[in-house]
Amino acid sequence: WRGPTSRAAPAPPAAPPAAAEGLPAASVTLAQLLELVQQGRELPGLERRHITATHGEPTASLLPRRPKPWEATGTAEYPRAAVEPVPEASPTLG
Amino acid sequence: GCGTLLILDQNESGLRLFRSFDWNDGLFDVTWSENNEHVLVTCSGDGSLQLWDTAKPAGPLQVYKEHTQEVYSVDWSQTRGEQLVVSGSWDQTVKLWDPTVGRSLCTYRGHESVIYSTIWSPHIPGCFASASGDQTLRIWDVKTTGVRVVIPAHQAEILSCDWCKYNENLLVTGAVDCSLRGWDLRNARQPVFELLGHTYAIRRVKFSPFHASVLASCSYDFTVRFWNFSKPDPLLETVEHHTEFTCGLDLSLQSPTQVMGVTSWWFLLLI
């Protein structure tokens, strides 16, 4: 339900038949849930947390930074991929 | 909903859960500090970033709230001598952070739609790329607020991008059009490669840390694929996933870590 990316995902299962009357307040149909989420409204029955920052200092680091695999050979001498710049009029490679 | 960050530890007998942290809203991305093995940063659907210490179970050390919509991407700078984090948001901005400072250092505007990915160059200090629903790949430099390069890379939303670890001019984009395209910044008018095979949108793409022309991609088509773009037949391997992966994406309010978990697993495969 997070906007554009949902367009690319496989289709969600069909919504269950609407049966809002007589249900406890915490329960909604899939269609109602969709509407609430799209409107950015509070969802019933959902536990809200109130986690906040502790503002503590990070635990002191004990390990030295390890070089990345591509850094292993030093600053200027890493192997370069064999990619040639593509001239303007030519088709794409591959 | 809420989100959970899982810290996994790998040893001879496999993966185990080291610690978990809860947050008030879903978590979309995670990045480790480059200068402290205990520290990592996550970003959330509520527009904030969190700084965590794996040695402290109590909660995030810091919370950085400026973005006005979901933050979909965070990355810690890879080049030495810096301690910078870049975040990309659905509010169409990229923000630069120093984790020791409570406010962002800079805000980068220009994208005309949601931002899905922001990634530091592993070689060029202060340089990062962003991928967006506006179908462009953009290159930025912390020394200026205006964009440096705009590449109309696809005719579809671009959900992921990454830098080649062995060629500082080369990037890859992965898009909703199911394709991966390579871009050389020295001449970005045409892609230098195009990899086809996925049957749904590309969710994430990463260049290999070990091989100049190898990369991996995962997609809403339930697969992870490995490619070598320098080969005439570039597809190396296709790995089918369990349905947990897609469920994690479709129902991301409840299970964002399933996405993280797959990405983490995927990195364990490469590194």
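What you see is a predicted model, and the numbers here were worked out from it, not measured in a lab. Residue numbering restarts at 1 for every chain, and letters A, B, ... go by the order of the sequence lines.
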- What residue among B:I151, B:L180, B:D162, B:I158 forms side-chain contact (heavy atoms from CB on, under 4.5 Å) with B:T173?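 The side-chain contact (heavy atoms from CB on, under 4.5 Å) with B:T173 is passed solely by B:I158 among B:I151, B:L180, B:D162, B:I158.
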- Sidechain N-carboxylate O distance under 4.0 Å for A:K68, B:E34: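 Yes, A:K68 and B:E34 are salt-bridged.
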- Could you tell me which of B:E37, B:Q62, B:R181 has the largest number of non-hydrogen atom pairs under 4.5 Å with chain A?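 Winner by heavy-atom pair count: B:E37.
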- Do you know which of B:N35, B:D53, B:L196 has the most heavy-atom pairs under 4.5 Å to chain A?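 Counting heavy-atom pairs under 4.5 Å, the top option is B:D53.
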What part of [X] gets within 4.5 angstrom of chain A, counting heavy atoms only: side chain, backbone, both, or neither?
{"X": "B:P99", "answer": "neither"}
{"X": "B:D233", "answer": "neither"}
{"X": "B:V39", "answer": "side chain"}

- Item | Atom CD of A:Q39: over 12 foreign heavy atoms under 6.0 Å | yes
- Query: Cut-off 3.5 Å, side chains only: do B:D25 and B:S44 have a donor facing an acceptor?
  - Reply: no
- Does one side chain, of B:S89 or B:Q69, offer a donor that lies under 3.5 Å from an acceptor on the other?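 B:S89 vs B:Q69: no donor-acceptor pair found between side chains.
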